Amino acid sequence: MATEKTLVLIKPDSVQRGLAGRIISRFEEKGFQLCGVKLIHMDSSRAARLYEPHLGKPFYDPLVKYMTSGPIVALCLSGHNAIEQVRTLMGATNPSQAAPGSIRGDFAQRVDYNCVHGSDSAESAQRELPIFFEPGEIVDYEANYTKWV
């Protein structure tokens, strides 16, 4: 499988609890490269674009309110089969069903405060990454750097 890029958001509950560094470390320890990192306070316009596929669902308004309630960390991660592997590392959406050792299994407290968001497909990643990163803000290691190891 080719190298993929994916979006991960470290949600307000994780930032508030001081977990951002530990979560980023999990991804780096697994071998993913950080291609972009931002600490932002997401506004309602950006949240609406991100969660547009869920518009009209009962959880949409509470989700937008939560995601705009405090700072988040937006990550672009790169690696082989990144989307699937990142989602496995994050664990099940419901922390009571997330495997121990996964981010949600270890850190999430409830399903609506579940620590992280990750793109669920290549199409989602293509749609979501530009919501958080402008052209030129994502590092392309394969094109611009030689391997250091």
Side-chain angles (χ1 to χ4, degrees), residues 1-42 46-47 49-54 57-133 137-149:
M1 162 112 346
T3 299
E4 295 177 323
K5 289 183 175 63
T6 190
L7 176 74
V8 171
L9 301 178
I10 301 175
K11 294 181 176 182
D13 62 301
S14 296
V15 174
Q16 181 182 28
R17 292 171 53 210
L19 297 173
R22 292 173 69 186
I23 291 170
I24 292 169
S25 291
R26 294 264 183 115
F27 293 118
E28 289 183 314
E29 288 167 3
K30 185 71 175 173
F32 296 106
Q33 291 182 307
L34 289 172
C35 297
V37 181
K38 287 184 176 183
L39 175 69
I40 64 168
H41 196 128
M42 189 176 355
R46 191 176 293 201
R49 285 186 293 156
L50 177 65
Y51 293 115
E52 181 180 15
H54 301 297
K57 295 180 181 174
F59 60 84
Y60 176 84
D61 288 333
L63 179 60
V64 168
K65 183 178 178 181
Y66 161 60
M67 290 299 290
T68 58
S69 69
I72 65 164
V73 177
L75 306 171
C76 176
L77 298 176
S78 175
H80 292 286
N81 200 19
I83 295 165
E84 181 181 337
Q85 287 194 59
V86 163
R87 292 189 62 78
T88 299
L89 189 57
M90 290 188 322
T93 301
N94 186 336
S96 68
Q97 299 169 354
S102 69
I103 291 166
R104 291 177 175 142
D106 290 350
F107 300 129
Q109 297 175 324
R110 24 188 276 209
V111 70
D112 54 342
Y113 287 16
N114 64 5
C115 294
V116 287
H117 163 92
S119 300
D120 63 4
S121 66
E123 295 77 24
S124 292
Q126 278 189 315
R127 185 184 70 77
E128 293 174 351
L129 282 165
I131 295 171
F132 295 91
F133 296 96
E137 291 183 326
I138 294 177
V139 174
D140 186 349
Y141 288 98
E142 290 181 345
N144 297 312
Y145 299 95
T146 56
K147 285 281 189 192
W148 293 293
V149 291

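Everything numeric in this text was worked out from a predicted model, so none of it was measured.
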Task: Side chain to side chain, Ile131 and Leu7, heavy atoms closer than 4.5 Å - done: no
Task: Arg104 (side chain) donor-acceptor with Cys115 (main chain) under 3.5 angstrom - done: no
Task: Exercise: identify the closest heavy-atom pair between Lys5 and Cys35 - done: CE-SG, 4.2 Å
Task: Audit row: Phe27, Met90, side-chain contact (heavy atoms from CB on, under 4.5 Å) steps and yes/no - done: CA-CA 9 Å; Phe27 293 118; Met90 290 188 322; 4.2 Å; yes
Open item on the list: Give me the atom names and distance for the closest heavy-atom approach of Ala125 to Pro130.
Closed with: O-CD, 4.2 Å
Open item on the list: Would you compute the distance between atom CD1 of Ile10 and atom CD of Gln16 and round it to the nearest 0.5 angstrom?
Closed with: 14.5 Å
Task: Qualifying residues under salt bridge (Lys or Arg N to Asp or Glu O under 4.0 Å), relative to Glu137, sequence neighbours excluded - done: Lys38
Open item on the list: Could you check whether any side-chain N or O of Glu28 sits under 3.5 Å from a backbone N or O of Leu34, counting only pairs where one atom can act as donor and the other as acceptor?
Closed with: no
Task: Identified side-chain contact (heavy atoms from CB on, under 4.5 Å) partner of Ser14 from the options Ile72, Leu19, Asn114, Ile103 - done: Leu19
TODO: Could you walk me through whether Gln33 and Thr3 pass side-chain contact (heavy atoms from CB on, under 4.5 Å), step by step?
DONE: CA-CA 11 Å; Gln33 291 182 307; Thr3 299; over 6 Å; no
- [ ] Quick one: closest heavy-atom pair of Phe132 and Ile40, and the distance?
- [x] CD2-CD1, 3.7 Å
- [ ] Any chance you could measure Ser78, atom OG, to Ile138, atom CD1, to the nearest 0.5 Å?
- [x] 10.0 Å
Task: Residues, nucleotides or ligands: over 12 heavy atoms within 6.0 Å of Glu84 CD - done: no
TODO: Answer yes or no: are there more than 12 heavy-atom neighbours, outside Arg49 itself, under 6.0 Å from its atom CZ?
DONE: yes
Task: Test salt bridge (Lys or Arg N to Asp or Glu O under 4.0 Å) applied to Asp13 - qualifying residues, sequence neighbours left out - done: none
Open item on the list: So, using side-chain contact (heavy atoms from CB on, under 4.5 Å) as the criterion, who are the partners of Asn94 when residues are at least two apart?
Closed with: Ser96, Gln97, Val111
- [ ] Tell me, please, which residues at least two apart from Asp120 pass salt bridge (Lys or Arg N to Asp or Glu O under 4.0 Å).
- [x] none
- [ ] Kindly give the heavy-atom pair with the smallest separation between Ala99 and Ser102, and that separation in Å.
- [x] O-OG, 2.6 Å
Task: Rounded distance [0.5 Å steps], CD in Glu52 versus CZ in Arg127 - done: 6.5 Å
TODO: Provide the full list of ring pair (Phe, Tyr, Trp, His ring centres under 6.0 Å) pairs with a residue in residues 87-114, sequence neighbours left out, each pair given once.
DONE: Tyr66-Tyr113
- [ ] Report the C-alpha separation of Asp106 and Arg22 in whole Å, then their side-chain angles, then the decisive distance to 0.1 Å, and conclude whether the side-chain contact (heavy atoms from CB on, under 4.5 Å) test is met.
- [x] CA-CA 11 Å; Asp106 290 350; Arg22 292 173 69 186; over 6 Å; no
Task: Separation of Met42 CE from Lys11 NZ (nearest 0.5 Å) - done: 9.0 Å
- [ ] Could you tell me whether the side chain of Glu4 and the main chain of Ala82 form a donor-acceptor pair under 3.5 Å?
- [x] yes
Open item on the list: Let me confirm one number: the CG-CD1 distance from Leu75 to Ile23, rounded to the nearest 0.5 Å.
Closed with: 9.0 Å
- [ ] Applying salt bridge (Lys or Arg N to Asp or Glu O under 4.0 Å), name anything that partners Arg87, two or more places apart in sequence or on another chain.
- [x] none
Open item on the list: Looking at every non-hydrogen atom in both residues, tell me the closest pair between Val73 and Ala20 and how far apart they are.
Closed with: CG2-CB, 4.2 Å
Task: Shortest non-hydrogen contact between Pro12 and Ser69, atoms and distance - done: CB-OG, 3.9 Å
